[in-house]
Number of protein chains: 2
Amino acid sequence: MKLKIKDVATAAGVSPATVSKVLTGQEVAYAINAATAERVRRVALELGYVPDAAARNLRTGRTGQLGVVLAATSPSEPVGELGELNAAAALRRTFDGAILAGLGEAARQHGVPALVVYPEGPEGEAARFLDGRIDGLLVSRDPLRPHQLLDHLDPQRLPLVALWTQQTPDAVGHVDADHRGGTRLATEHLLRLGHQQIVYYGAGREGPEHFALREQGYQDAMRAAGLGGGIQRTHASGRLVSLVEGGCTAVVAETDLAAAAVARTLNVAGLRVPQDVSLVGFDDMVGAEFIAGGLTTVYHPAAEMAAQGVVTLLARLAGHPPERLLVPTRLVVRRSTAPR
Amino acid sequence: MKLKIKDVATAAGVSPATVSKVLTGQEVAYAINAATAERVRRVALELGYVPDAAARNLRTGRTGQLGVVLAATSPSEPVGELGELNAAAALRRTFDGAILAGLGEAARQHGVPALVVYPEGPEGEAARFLDGRIDGLLVSRDPLRPHQLLDHLDPQRLPLVALWTQQTPDAVGHVDADHRGGTRLATEHLLRLGHQQIVYYGAGREGPEHFALREQGYQDAMRAAGLGGGIQRTHASGRLVSLVEGGCTAVVAETDLAAAAVARTLNVAGLRVPQDVSLVGFDDMVGAEFIAGGLTTVYHPAAEMAAQGVVTLLARLAGHPPERLLVPTRLVVRRSTAPR
DNA sequence: CTGTTAGCGCTTTCAG
DNA sequence: CTGAAAGCGCTAACAG
């Protein structure tokens, strides 16, 4: 049967309490005798003793586990529908994968036993199920649609850190990628290449939080270059083509997927990337290498962001005030941009 | 403070034992009085009582949680290196994301409270940390490299189901995509289009398990079509070009990434897809739409596979014998294949 | 420095 | 059909 702390105690000739003290390795007022501690550790290792998590959790009131709520990917949004361009859902899974990779790795490095993952579901459900299972929660919201999970959780009872958003209540920290800085980088790159008439392709302010930020980054760069008057945005292919015919030589797209659409539109209109138009995307999604012969884009640091999320949450658990962090992006230059 | 079962009991005018019986909703020899049960449920809901997971786990010896070990994505393999084609790591994360999405959704549907995720680490580490935290474990191995985690776990003590492999010990069930059937579908599609000289591009039998299976599927289709003598494989670009010049009109690539490499090679040699050569990939990765103008490929059902993994593991927990399942793939026809 | 004791919150016999 | 009592395995006070 499974070993109990008492078995180890007997084998080592000490009391269960001593074993506990040695194994938890905590700071005690009066330390444990080094020889005793060593003996206990050796015996525990030899016997292969592993403390029972449930008992420990019950006693201490903590679990040493962190929770993550991932944005739901509903089954009604299949990935890779026959012949159809619906990479958006797949893309979200890519980010989920990167986020999990980042979270998991960081958790391990920081000695957190495990991550409890819960897919977003009916409001409050996650809160109820996770209650008592975790010490703190990371909420990875889907930037493409709002959700109210944060409203259903009490940050006083359960320390919270939100990922992938910059809009959180005071008691909730957050970690997001620096979307605004990213498009700024992209636009500056085009400016450096001599482009002046640069159009932003995207939903912009009318879109979700991140898209609004991305457009602002473009505007920041344009204004800083004294081209504030030339700020243009469209999400209509027809308009884009006429803008290019009217002298625009570069496009900043709000996502790689949008960039792919732009590339296709330009191609149909007989315009070549990058000879006629330079094109920059955002996300550096899997497959960006294949868009427009190799898309220059902004790397979205999902894994890094997630790792920061763990750090931030652990700091929160240690009593530090909520932090608000932006993880820097970086430009990935490929072949879709060229000097004017 | 947090509510205890006793508080509910007092409020409902019954004993804690009764509350427990009602709330766990188990089959008891003599049922609970319907009115009492109803009253207890109502009170519990009104008060917002949630049973303490740790206490319950300790008492029952089960946790209601399933674990998942994900293949490690080491930090030394950054995604999206500057300008470099290293989509492989990113691709794995895509699959991780799909797997998590599938697992999470299935777990929720089956009423499993949560998934505990642990990244693959030093041997035995996962086993030690997960001990006592979960009722069963899904091991998602990285098909690209062997690992010994399965050897460090005792399927008798912890029910195990492996994902993404078809080679597991007797006591361990597994769920994998039908790689062999997938390339068979792809090859049959080319045969139907009139192609006869079809070459397989990949590492094949010399590669990992899945790649060997994929090549076999190609061979199956060729043999079934009476073209067993024309079976050809290469992983060398130069050789591929000369094969095409020698009359080969179609290529089955072992992955979408490989297909992208093929497309590039053919392009450089002045050959067009699909006019000169038809090309089929495997995985339907994010971005496959952009390879060779829209890659015809085999959809890799990662999410479906993961969902099956949960079902299989739950069956295992219910006492059923280990299952071995293959989840069917399906062909996604785009624009990289054409009649001969 | 080490051992004894009590009890975390729940479920489950076993009596009533 | 319901309640009383015991105890899951561990840790934290408090004695020694």
Side-chain angles (χ1 to χ4, degrees), chain A residues 1-41 43-44 47-65 113 128-129 131-133 135 157, chain B residues 1-41 43-44 47-65 113 128-129 131-133 135 157:
Chain A
M1 265 319 297
K2 212 185 146 187
L3 280 138
K4 318 201 279 194
I5 199 170
K6 205 175 164 186
D7 301 323
V8 179
T10 314
V14 293
S15 76
T18 302
V19 176
S20 173
K21 279 171 199 155
V22 171
L23 263 39
T24 52
Q26 65 199 338
E27 310 289 322
V28 227
Y30 289 84
I32 301 280
N33 179 296
T36 314
E38 186 43 40
R39 180 157 40 91
V40 169
R41 257 189 287 271
V43 170
L47 266 48
Y49 168 72
V50 182
D52 182 86
R56 179 176 275 183
N57 295 348
L58 175 58
R59 182 60 232 231
T60 59
R62 283 172 297 103
T63 64
Q65 297 186 153
R128 195 164 57 256
F129 274 124
D131 196 286
R133 295 180 188 280
D135 296 342
R157 258 168 55 90
Chain B
M1 268 317 299
K2 214 187 144 183
L3 278 117
K4 319 200 280 191
I5 198 170
K6 204 175 164 187
D7 302 322
V8 179
T10 314
V14 293
S15 75
T18 303
V19 176
S20 172
K21 281 170 197 156
V22 171
L23 263 39
T24 52
Q26 65 199 338
E27 310 291 320
V28 227
Y30 289 86
I32 302 279
N33 179 297
T36 313
E38 186 44 41
R39 180 159 38 91
V40 169
R41 258 188 287 271
V43 170
L47 267 48
Y49 168 72
V50 181
D52 182 87
R56 179 176 275 183
N57 295 349
L58 176 58
R59 183 59 232 234
T60 61
R62 283 172 297 102
T63 64
Q65 296 186 154
R128 192 164 60 255
F129 274 125
D131 196 286
R133 295 182 187 277
D135 295 341
R157 258 169 56 92

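Throughout, a chain's letter reflects where its sequence line sits, starting with A, and its residues are numbered from 1.
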Check the distance between C:dC10's P and A:N57's CG and give it to me in whole angstrom. 14 Å
OP1 or OP2 of C:dT2 under 4.0 Å from side-chain N/O of A:T36: yes
Hey, mind stepping through A:R39 and A:V14 against side chain to side chain contact (heavy atoms under 4.5 Å, CB included) and telling me if it holds? CA-CA 10 Å; A:R39 180 157 40 91; A:V14 293; 4.1 Å; yes
Shortest side-chain distance from A:T18, nucleotide among C:dT12, C:dT2, C:dC10: C:dT2
Any chance you could measure B:Y49, atom OH, to B:D7, atom CG, to the nearest 0.5 Å? 9.0 Å
B:R157 CZ to A:K2 NZ distance, which is reported to the nearest 0.5 Å: 6.5 Å
Between the base of D:dG9 and the side chain of A:K2, is there a donor and acceptor pair under 3.5 angstrom? no
Rounded distance in Å - CG (A:D52) to C1' (D:dG7): 14 Å
A:R59 CZ to D:dC10 P, straight-line distance once rounded to whole Å: 13 Å
What's the CD1-P distance between B:I5 and C:dG7, to the nearest Å? 19 Å
Contacts to DNA chain D from residues 6-16 of chain B, heavy-atom cutoff under 4.0 Å, which residues? B:V14, B:S15
In terms of side-chain heavy atoms of B:Y49, which of C:dC10, D:dG9, C:dT12 is nearest? C:dC10
If you pin A:A54 and B:A17 to their nearest nucleotides in DNA chain D, which one's is more 5'? B:A17
With distance as the sole test, does B:D135 use its side chain to make a donor-acceptor pair with the main-chain N or O of B:T63 at under 3.5 Å? yes
For the helix from C:dC1-D:dG16 to C:dG16-D:dC1, what is the angle between the axes at its two ends, each from 5 pairs, rounded to 10°? 40°
Between the main-chain N or O of A:S20 and the side-chain N or O of A:T24, is there a donor-acceptor pair closer than 3.5 Å? yes
Let me confirm one number: the CD1-CG distance from B:I5 to B:L23, rounded to the nearest 0.5 Å. 6.5 Å
When rounded to whole Å, the NZ to P distance for the pair A:K21 and C:dT2 reads 9 Å
On a heavy-atom basis, which atom in B:S15 and which in B:A9 lie closest, and how many Å separate them? C-CB, 3.6 Å
Once rounded to the nearest 0.5 Å, what's the spacing between atom CD of A:Q65 and atom CD of B:Q65? 5.5 Å
Just verifying a value: how many Å separate B:L58 CG and A:L58 CG, rounded to the nearest 0.5 Å? 5.5 Å
How many Å lie between CG on A:L58 and P on D:dC10, as a whole number? 12 Å
Side chain of A:K4 - closest among D:dA12, D:dC10, C:dG9: D:dC10
So does B:R56 get a side-chain nitrogen or oxygen closer than 4.0 Å to the phosphate oxygens (OP1/OP2) of C:dG9? no
